[in-house]
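Comments concern the structure below.
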Amino acid sequence: GATSTSSAKFGFINVAGGSPTATISSNLSLIVPTGNAPAATFNLLNNGSLNFQRSPGGDGGLATALYIQNNGNVLLGDTSPYGVIIPSKLEVTTNADGGVSLNTFASGGASWLEFQRSASNTIGTQTAVGSGHTLGGLLFNGSDGTAFRISSRITGFVDGTVGSNIVPGRLAFFTANSAGTVTEAMRIDSSQRVGIGTTAPTSELYVTRPLSFGTTGKALAVFDQIES
């Protein structure tokens with residue numbers, strides 16, 4: 001059982017040599033080599049998953065803190081994935097305010113979130129991406145009562161010819177309309193031109209008004225507000 005106790009221990013003591021292995025029910029193994037700075041290995045066998053749970057005490061109130069699916073995906077806070085883009089390699093789920101923080105304490109450093117892509121299907125192999133390739137993005141989703149749907153997103157693309165030390169890029173901003181169709185609303189291209197309502201800006205700021213807006217109104221309005 002999972003009854004709380006202060007005396008339960010599982011470990012290796014004074015192992016002289018070799019590669020000792022402990023196996024539980026032929027489904028889990030722990031390998032702890034001897035020597036300095038050993039590379040210990042915790043193995044899930046037979047296509048198993050792993051659920052780390054915690055409770056205030058004993059079996060009562062057990063809740064998942066970290067769950068590793070049998071496909072290697074990691075879930076924090078739940079055992080079910082909810083991402084719109086499935087499978088998500090890492091998901092964080094909560095029923096209160098929560099999020100992910102990147103903290104840096106340094107006089108000359110900062111926190112970064114990187115989205116990287118190689119066009120190779122082999123992990124660790126570098127193959128150049130090409131113009132139009134998606135490099136990564138941020139999705140903002142809301143529930144329609146049945147499932148999460150994309151409401152808006154920001155996506156980074158390759159925007160031009162890739163060469164040594166050169167990967168031209170653009171950022172595109174998408175929103176969902178009243179029919180749920182997600183379309184590009186604005187972009188910043190590799191020439192640092194901003195296009196609103198167009199995917200081909202030809203000036204530093206290019207604003208166009210879709211025909212679906214009708215014949216009234218303006219594509220761009222600038223007002224000076226004078227406070228009295």
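Position 1 is the first residue of the sequence, and the numbers go up from there.
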Pairwise salt bridge (Lys or Arg N to Asp or Glu O under 4.0 Å) hits with a residue in residues 117-135, at least two apart: none
Distance in Å, R153 CZ paired with L139 CG, rounded so as to fall on 0.5 Å steps: 7.0 Å
D144 atom CG, neighbour heavy-atom count above 12 within 6.0 Å: yes
Heavy-atom pair of closest approach, residues G195 and P201: CA-CB, 3.8 Å
T94 side chain vs A96 backbone, donor-acceptor pair below 3.5 Å: yes
Residues S190 and D159: side-chain donor-acceptor under 3.5 angstrom: yes
Backbone N/O of L205 and side chain of S203: donor-acceptor pair under 3.5 Å: yes
Nearest heavy atoms of L75 and D78, plus distance in Å: CB-O, 3.3 Å
4.5 Å side-chain heavy-atom contact, V194 and E204: no
Pair S49, N70: side-chain N/O donor-acceptor within cut-off below 3.5 Å: no
Derivation of the side chain to side chain contact (heavy atoms under 4.5 Å, CB included) call for T208 and I196: CA-CA 6 Å; T208 185; I196 300 176; over 6 Å; no
Check: T93 and L76 side chains under 4.5 Å, non-hydrogen atoms: no
Gap between atom CZ of R193 and atom OG1 of T198 - 0.5 Å precision: 10.5 Å
Shortest non-hydrogen contact between T104 and G109, atoms and distance: CG2-C, 4.0 Å
Non-hydrogen atoms of A128 and V162 that approach each other most closely: CB-CG1, 4.3 Å
Backbone of Y82 reached by a side-chain donor or acceptor of E91 within 3.5 Å: yes
P81 and Q69, any side-chain heavy atoms less than 4.5 Å apart: yes
Heavy-atom closest contact (A119 atom, H133 atom, distance): CB-CE1, 4.4 Å
Pairwise distance CD(E184) to CZ(F173) - rounded to 0.5 angstrom: 10.0 Å
Atom pair CD1 (I154) and CZ (F174), whose distance is rounded to the nearest 0.5 Å: 10.5 Å
T155 and T134, any side-chain heavy atoms less than 4.5 Å apart: yes
Main-chain N/O of G145 paired to S143 side chain as donor or acceptor, under 3.5 Å: yes
Side chain to side chain contact (heavy atoms under 4.5 Å, CB included) assessment of N51 paired with T79: CA-CA 8 Å; N51 192 356; T79 58; 3.8 Å; yes
Heavy-atom closest pair, residues R187 and T199: NH1-O, 3.0 Å
Between CZ on residue F52 and OH on residue Y67, distance to nearest 0.5 Å: 12.0 Å
Enclosure of Y206 OH (heavy-atom neighbours >12, cutoff 6.0 Å): no
D189 and R170 ion-paired at < 4.0 Å: no
Any donor-acceptor pair under 3.5 Å from S131 side chain to G160 backbone: yes
Side chain to side chain contact (heavy atoms under 4.5 Å, CB included) assessment of V129 paired with V167: CA-CA 8 Å; V129 290; V167 181; 4.1 Å; yes
S118 side-chain N/O to T125 backbone N/O, donor-acceptor pair under 3.5 Å: yes
Common cluster, W112/L171, ILVMFWY with side-chain heavy-atom separation under 4.5 Å: no
S88 side-chain N/O to L90 backbone N/O, donor-acceptor pair under 3.5 Å: no
Stepwise side chain to side chain contact (heavy atoms under 4.5 Å, CB included) check, L135 with F115: CA-CA 6 Å; L135 299 180; F115 299 88; 5.6 Å; no
More than 12 heavy atoms from other groups under 6.0 Å of CG on N95: no
Separation of N177 CG from T183 OG1 (nearest 0.5 Å): 6.0 Å
